Amino acid sequence: MAESVATTGLRNIPGRAILYMLAGSFLVVILDTAVKWLARDYSPFQIGFLRYVIGFFIAAGIAQHNGGLATLKTRRLAGHLTRSVLNIVTMLTFYYALQLIPLADAIAIGFATPLFTTAFSGPLLKEKVGIRRWSAVALGFGGVLLIVQPSGHGVNMGAMLALISALCWSLTQISSRQLSGTEPSHTILFYYSVAIILVLGACMPKLWITPHGLDWIWFGVCGVAGSFGQYCYNQAFRYGEASMVSPFDYTGLVWATLMGFIVFGDFPTHYILGGAVVIIASSFYIAKREAQLHARRNIAPIAPTE
């Protein structure tokens with residue numbers, strides 16, 4: 001995962017971007033599995049705090065390996081602060097969701113992220129979103145509703161928290177793409193690790209429970225898998241456009257279903273699987289449509305010959 005300062009900036013290497021996204025998706029499912037295990041006995045605030053304490057040292061180590069600690073200098077503190085706030089909300093809402101609903105359910109709802117990204121691309125990025133992509137977004141949200149409220153007896157709080165997390169994660173991805181134009185991935189990881197340590201650390205005197213036994217290993221898994229998973233995500237958005245790489249994050253449902261069954265004995269219902277299929281199909285259409293429009297924009301007019 002080496003990254004020199006000379007290669008900092010956005011790139012267009014689809015194969016590398018896809019590999020980073022696949023690796024990131026797998027590692028984040030491992031993180032979520034560890035979080036769900038720990039959330040039975042520990043506050044999400046403590047889980048997030050210890051995760052990012054480990055992440056801080058990992059980011060510093062990557063920086064030292066890739067140009068030295070000087071690469072952590074930045075002139076975009078406001079951008080890092082914005083991303084940190086979004087990441088804190090994303091993390092805490094998802095961790096609380098994992099306390100309330102099965103792992104695969106939470107991750108399936110998280111697949112609404114590309115739908116939110118498309119919806120936000122108009123007002124935030126000034127992109128033109130046509131009727132066909134809006135229709136795909138509407139269909140995708142129908143899949144979300146199938147997961148969130150299949151019985152009609154009220155909204156499941158865990159599902160709503162997962163949906164809020166997906167919304168904030170879409171904004172986090174947009175900010176990652178923006179920051180990656182000038183910032184190395186380890187610098188992005190470093191600054192939001194610092195922000196989360198400061199914010200959540202202030203809560204530790206009241207919420208701290210000393211880990212016992214194998215729980216230390218689970219906390220270690222959170223820190224290592226989470227840090228390298230986020231690093232891979234940052235790299236994926238550096239080497240490929242968000243609309244191209246985001247659909248490959250859906251491989252996470254396979255890993256989540258497997259881990260949920262092995263570790264917790266859970267298996268997604270037909271509502272969850274059906275809703276996930278609708279969301280994935282809608283997001284793939286959005287990705288395909290975006291690729292077509294991008295190709296058209298990059299076709300240069302042919303100069304007349306004499």
Side-chain angles (χ1 to χ4, degrees), residues 21 24-52 54-55 83-117 120 143-144 147-148 155-176 189 192-193 195-197 199-200 203 207 218-219 221-234 246 249-253 255-257 259-260 263-264 266 268 272 275-276 279 283:
M21 178 56 73
S25 181
F26 172 75
L27 289 170
V28 167
V29 169
I30 298 300
L31 161 68
D32 293 339
T33 302
V35 169
K36 186 170 179 62
W37 180 273
L38 290 168
R40 300 177 300 179
D41 301 312
Y42 303 92
S43 164
F45 283 75
Q46 181 174 343
I47 297 171
F49 173 74
L50 288 178
R51 171 194 165 185
Y52 282 99
I54 297 172
R83 191 190 187 285
S84 297
V85 171
L86 291 169
N87 196 76
I88 289 172
V89 178
T90 298
M91 177 186 65
L92 292 178
T93 52
F94 194 76
Y95 285 9
Y96 275 110
L98 287 173
Q99 287 184 327
L100 302 172
I101 59 177
L103 178 64
D105 295 27
I107 289 179
I109 295 171
F111 288 160
T113 294
L115 306 180
F116 284 121
T117 301
F120 290 142
V144 172
I147 297 173
V148 173
V155 177
N156 181 295
M157 180 56 67
M160 287 305 300
L161 288 171
L163 191 59
I164 293 171
S165 180
L167 186 153
C168 292
W169 180 235
S170 71
L171 295 173
T172 304
Q173 289 184 344
I174 291 173
S175 68
S176 290
L189 174 62
Y192 71 71
S193 294
I196 291 175
I197 289 170
V199 173
L200 300 189
C203 304
L207 299 176
W218 283 106
F219 277 113
V221 169
C222 282
V224 174
S227 297
F228 283 108
Q230 289 291 331
Y231 180 86
C232 287
Y233 275 144
N234 290 337
S246 290
D249 199 22
Y250 297 135
T251 55
L253 183 59
W255 299 117
T257 301
M259 295 302 295
V263 180
F264 306 106
D266 295 328
I272 301 298
I279 294 171
S283 297

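Everything quoted here is computed from the prediction, not taken from an experiment.
- Relative ring orientation between Phe26 and Trp255 is described as perpendicular, the plane-to-plane angle rising above 60° on a 0-90° scale split at 30° and 60°.
- Distance CD1/Ile88 to SG/Cys168: 11.0 Å, rounded to 0.5 Å.
- Between Ser227 and Gly55, the shortest heavy-atom distance links the atoms OG-CA, 3.0 Å.
- Atom CE in Met259 sits 10.5 Å away from atom CH2 in Trp37 (nearest 0.5 Å).
- The nearest pair of heavy atoms linking Gly158 to Ala97 is O-CB, 3.3 Å.
- Every residue meeting the side-chain contact (heavy atoms from CB on, under 4.5 Å) condition with Phe45, not counting sequence neighbours, appears here in chain and number order: Ser43, Leu92, Tyr96, Leu200, Cys203, Met204, Leu207.
- Contact check for Asn87 versus Trp169: side-chain heavy atoms found under the 4.5 Å cut-off.
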Verdict with supporting geometry, Arg51 and Val35, side-chain contact (heavy atoms from CB on, under 4.5 Å): CA-CA 10 Å; Arg51 171 194 165 185; Val35 169; over 6 Å; no

Can Lys36 and Asp32 be said to form a side-chain contact (heavy atoms from CB on, under 4.5 Å), step by step? CA-CA 6 Å; Lys36 186 170 179 62; Asp32 293 339; over 6 Å; no

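- Put simply, the side chain of Ser165 never gets that close to the backbone of Leu161: no donor and acceptor are under 3.5 Å apart.
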CA sep, side-chain torsions, deciding dist, call: Asp266, Leu103, side-chain contact (heavy atoms from CB on, under 4.5 Å): CA-CA 8 Å; Asp266 295 328; Leu103 178 64; 5.8 Å; no

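- In this structure, the side chains of Phe49 and Ile196 stay at 4.5 Å or more apart for every pair of heavy atoms.
- To the nearest 0.5 angstrom, Met160 atom CE is 9.0 Å from Ile109 atom CD1.
- For the pair Leu38/Cys222, a side-chain contact is recorded, criterion being any heavy-atom separation below 4.5 Å from C-beta on.
- For the atom pair CG of Leu27 and CZ of Phe228, the computed distance is 9.0 Å after rounding to the nearest 0.5 Å.
- A pairwise comparison of heavy atoms in Ala106 and Ala162 identifies O-CB, 4.2 Å as the closest pair.
- Between Tyr192 and Met91, every side-chain heavy-atom pair lies at or beyond the 4.5 Å cut-off.
- Nearest approach of Ala34 to Val221, heavy atoms of both residues: CB-CG1, 4.0 Å.
- Within the 4.5 Å cutoff, side-chain heavy atoms of Tyr233 are placed close to those of Ser25.
- Annotation: the span from Tyr95 atom OH to Thr90 atom OG1 amounts to 10.5 Å, rounded to 0.5 Å.
- Scanning both residues, Ser193 and Tyr52, for their nearest heavy atoms gives OG-CD2, 3.5 Å.
- Closest heavy-atom contact between Gly110 and Thr113: O-OG1, 2.8 Å.
- Between Phe94 and Ile107 there is a side-chain heavy-atom pair separated by less than 4.5 Å.
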